[in-house]
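Throughout, a chain's letter reflects where its sequence line sits, starting with A, and its residues are numbered from 1.
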Number of protein chains: 2
Amino acid sequence: MGIKCRNCPIRQLPLFDPMSSTEIEFMEKFKVGEMNMEPGVPILAEGANTPQLYTALSGMGLRYKLLEDGRRHVISLVLPGDFIGLQAGVLNQMTHSVEATTAMTLCVFDRSELWSLYRNQPARAFDLTWLAANEERFLGEALAALGQREAYELLAWALARIWRKLNALDMTSGTVAPLPYRQQDLADAMGLSLVHTNKTLAKLRNSDLAFWSDGELTVPDIEALEEVGLCRDESLRKRPLI
Amino acid sequence: MGIKCRNCPIRQLPLFDPMSSTEIEFMEKFKVGEMNMEPGVPILAEGANTPQLYTALSGMGLRYKLLEDGRRHVISLVLPGDFIGLQAGVLNQMTHSVEATTAMTLCVFDRSELWSLYRNQPARAFDLTWLAANEERFLGEALAALGQREAYELLAWALARIWRKLNALDMTSGTVAPLPYRQQDLADAMGLSLVHTNKTLAKLRNSDLAFWSDGELTVPDIEALEEVGLCRDESLRKRPLI
DNA sequence: CGACTCATTGATTACCTTCAAATATTGTGG
DNA sequence: CCACAATATTTGAAGGTAATCAATGAGTCG
């Protein structure tokens with residue numbers, strides 16, 4: 001059934017809170033298996049109510065919403081350590097879809113045990129609320145970014161945020177990090193057209209701020225990029241891992 | 001100290017979940033008082049970490065974020081029944097500011113009791129996560145709206161959502177409801193300029209879809225408005241009240 | 001090698017912003 | 001009580017940012 005929680009490679013990262021042995025024990029009972037997803041495969045669909053919850057172990061994905069007329073809005077990226085399905089677990093219904101962009105490995109949890117978590121593991125319950133509140137925080141920032149920034153600033157903001165997160169996940173080497181998405185994905189996340197996204201990325205390139213091609217993002221100077229993106233110095237705080 | 005939870009007028013609304021007598025008992029201990037805010041007064045500031053949490057009892061407010069250069073983005077409205085300070089309670093830091101637009105009455109809770117809630121009231125802890133996840137849901141929808149809709153659709157979407165919520169709170173009478181904000185507030189929420197917001201509101205008026213002036217919103221036909229706003233039929237589900 | 005997907009570039013159009021000014025409406029002090 | 005300041009709404013005009021339309025280039029795969 002794959003990796004035991006006690007050996008979880010992700011939890012070793014300094015980004016994540018340490019876990020007590022009692023908690024690890026509980027998590028190993030909570031975890032019912034692992035799942036491997038092919039690239040492009042849907043993980044959860046908007047409106048669905050699944051019996052399982054997930055944590056991304058490896059690979060990258062997307063959260064998105066579809067409008068009736070086919071327009072798509074990408075809500076956020078899914079990176080290793082991200083919890084998937086909180087809304088299904090709590091609201092009984094996903095309000096966005098999730099799909100794998102690259103091949104992904106997911107930890108699978110049994111949703112029916114969620115109640116036991118709230119009854120017997122108050123600290124873990126608190127962590128779940130933390131994750132939900134943190135997602136709320138991120139979406140609030142994204143909303144302000146989309147609303148107030150113009151394309152050039154906005155893309156700088158997005159790439160800087162992504163860079164910081166990849167860095168915290170120890171996925172950067174020097175000035176390079178993997179970013180295996182299409183320009184269309186980023187365009188759908190920013191509410192910009194593909195054409196304009198492409199042209200704005202070219203500007204960032206010409207300004208030596210960010211180079212993104214062939215699934216690799218190169219950022220020579222993250223602080224310069226953050227300055228253009230009007231990023232606050234939001235240091236990534238330690239966070240719980242489910 | 002104002003209203004006792006058992007007599008809470010808000011919880012009577014069909015929008016909210018019923019509460020067991022044990023829960024009411026706990027909430028009455030959790031609640032430490034009430035607070036009256038003057039119009040325009042800040043309730044919580046971004047970055048702050050307060051010892052108190054709130055629930056809006058009456059009046060209306062705004063959640064917003066400020067960019068360094070002074071631009072403001074309005075995240076959402078604060079209406080009766082809304083919980084204020086979840087982020088401070090869980091993340092130890094507000095990631096947006098909250099201020100009263102009209103005079104407001106707030107229930108005040110003692111944040112240091114939050115742990116006791118997680119230890120002793122798992123159902124209430126679950127409700128808190130529910131609220132956080134629900135906020136995440138709303139912000140995801142707002143993000144998709146800002147990203148994918150043009151101004152005319154967007155304002156229709158926003159006014160329709162607001163109308164539905166006011167209606168669920170029993171604040172509508174016929175086709176009229178109070179909406180005591182400025183056009184600038186709505187503009188800052190939609191990421192549009194004041195001028196364009198004004199002109200687009202005029203179009204909605206000319207289409208007989210929505211009339212908003214002097215703090216009053218009139219919607220002759222909510223379903224027509226929702227159609228323009230591309231609103232899903234998201235019926236407002238029952239929700240917990242803290 | 002042809003079909004397909006994705007990235008890139010140019011030209012045109014349109015939505016939205018900015019600038020500017022006029023018109024209420026309200027509160028204040030002489 | 002009226003003049004004046006301050007706030008909010010409304011309207012017109014001009015300019016810029018971003019969308020759409022269209023076509024080409026580059027890489028992958030069966």
Colleague: Check for a donor-acceptor pair, side chain of A:His73 on one end and backbone N or O of A:Tyr64 on the other, with a separation under 3.5 Å.
Modeller: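 Absent.
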Colleague: I need the CG-C1' distance between A:Leu201 and C:dA7, as an integer number of Å.
Modeller: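 So the two atoms are 10 Å apart, to the nearest Å.
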Colleague: Determine the contact category for B:Gly191: base if any of its heavy atoms lies under 4.0 Å from a base atom, sugar-phosphate if only primed atoms, P, OP1 or OP2 are that close, otherwise nothing.
Modeller: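 The residue B:Gly191 makes sugar-phosphate contact but no base contact.
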Colleague: I want to confirm an ordering. Mapping A:Ala151 and B:Trp212 to their closest nucleotides on DNA chain D, which one lands closer to the 5' end?
Modeller: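 The residue whose closest nucleotide sits nearer the 5' end is B:Trp212.
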Colleague: Of the options C:dC15, C:dC6, D:dT9, whose atoms approach the side-chain atoms of A:Arg182 most closely?
Modeller: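 Nearest to the side-chain atoms of A:Arg182, counting from C-beta on, is C:dC6.
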Colleague: For B:Arg232, is there an ion pair with B:Glu141 - N to carboxylate O distance below 4.0 angstrom?
Modeller: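 Here B:Glu141 does not pair with B:Arg232 in a salt bridge, since their nearest N and O are not under 4.0 Å apart.
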Colleague: In whole angstrom, what separates A:Asn198's CG from D:dT20's P?
Modeller: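 In whole Å, D:dT20 P lies 15 Å from A:Asn198 CG.
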Colleague: Can you tell which of C:dA11, C:dC6, D:dT11 lies closest to the side chain of A:Lys199?
Modeller: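 The listed nucleotide nearest to A:Lys199's side chain is C:dA11.
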Colleague: What is the distance, to the nearest angstrom, from the CD atom on B:Gln184 to the C1' atom on D:dA6?
Modeller: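 Going from CD in B:Gln184 over to C1' in D:dA6 covers 15 Å.
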Colleague: Side chain of A:Leu194 only, please: which of C:dT8, D:dA18, C:dT17 is the nearest?
Modeller: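 The answer is C:dT8.
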Colleague: Where the side chain of A:Leu192 is concerned, which of C:dA7, C:dG10, D:dA19 is the nearest nucleotide?
Modeller: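 Among the listed nucleotides, the one closest to the side chain of A:Leu192 is D:dA19.
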Colleague: Output the rounded distance in Å from CZ (A:Phe211) to P (C:dT8).
Modeller: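 Going from A:Phe211 (CZ) to C:dT8 (P), I get 13 Å.
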Colleague: Counting side-chain heavy atoms from C-beta on, which of C:dT8, D:dT11, D:dA8 comes nearest to B:Val195?
Modeller: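 Closest of the options to the side chain of B:Val195: D:dT11.
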Colleague: Rounded to whole Å, how long is the line connecting atom CD of B:Gln148 with atom P of D:dA18?
Modeller: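 B:Gln148 atom CD is separated from D:dA18 atom P by 15 Å.
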Colleague: Is the backbone N or O of B:Ile242 less than 3.5 Å from a side-chain atom of B:Thr55, with the two atoms forming a donor-acceptor pair by type?
Modeller: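 Checking the backbone N and O of B:Ile242 against the side chain of B:Thr55, a donor-acceptor pair under 3.5 Å is found.
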Colleague: Can you check the A:Asp185 CG to C:dC6 P distance for me, whole Å?
Modeller: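 After rounding, the reported distance stands at 9 Å.
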Colleague: Among C:dA7, C:dC16, C:dC19, which nucleotide sits nearest the side chain of A:Gln183?
Modeller: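 The nucleotide sitting nearest to the side chain is C:dA7.
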Colleague: Check whether B:Asp69 reaches the backbone of B:Arg71 with its side chain - one donor and one acceptor, N or O, closer than 3.5 Å.
Modeller: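 Yes; judged by distance alone, with no hydrogens or angles, the pair exists.
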Colleague: As a test of reading the structure: which of C:dT9, D:dG12, D:dA18 is closest to the side chain of A:His196, going by heavy atoms?
Modeller: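 Selected nucleotide: D:dA18.
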Colleague: Would you confirm whether A:Trp157, through its side chain, and A:Ala145, through its main-chain N or O, come within 3.5 Å as a donor-acceptor pair?
Modeller: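 Such a contact is absent between A:Trp157 side chain and A:Ala145 backbone.
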Colleague: For the pair made of CD in B:Glu150 and P in C:dT13, what is the distance, rounded to whole Å?
Modeller: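 My rounded result for the distance is 18 Å.
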Colleague: Can you measure B:Arg149 atom CZ to C:dC15 atom P for me and round it to whole angstrom units?
Modeller: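 These atoms are roughly 18 Å apart.
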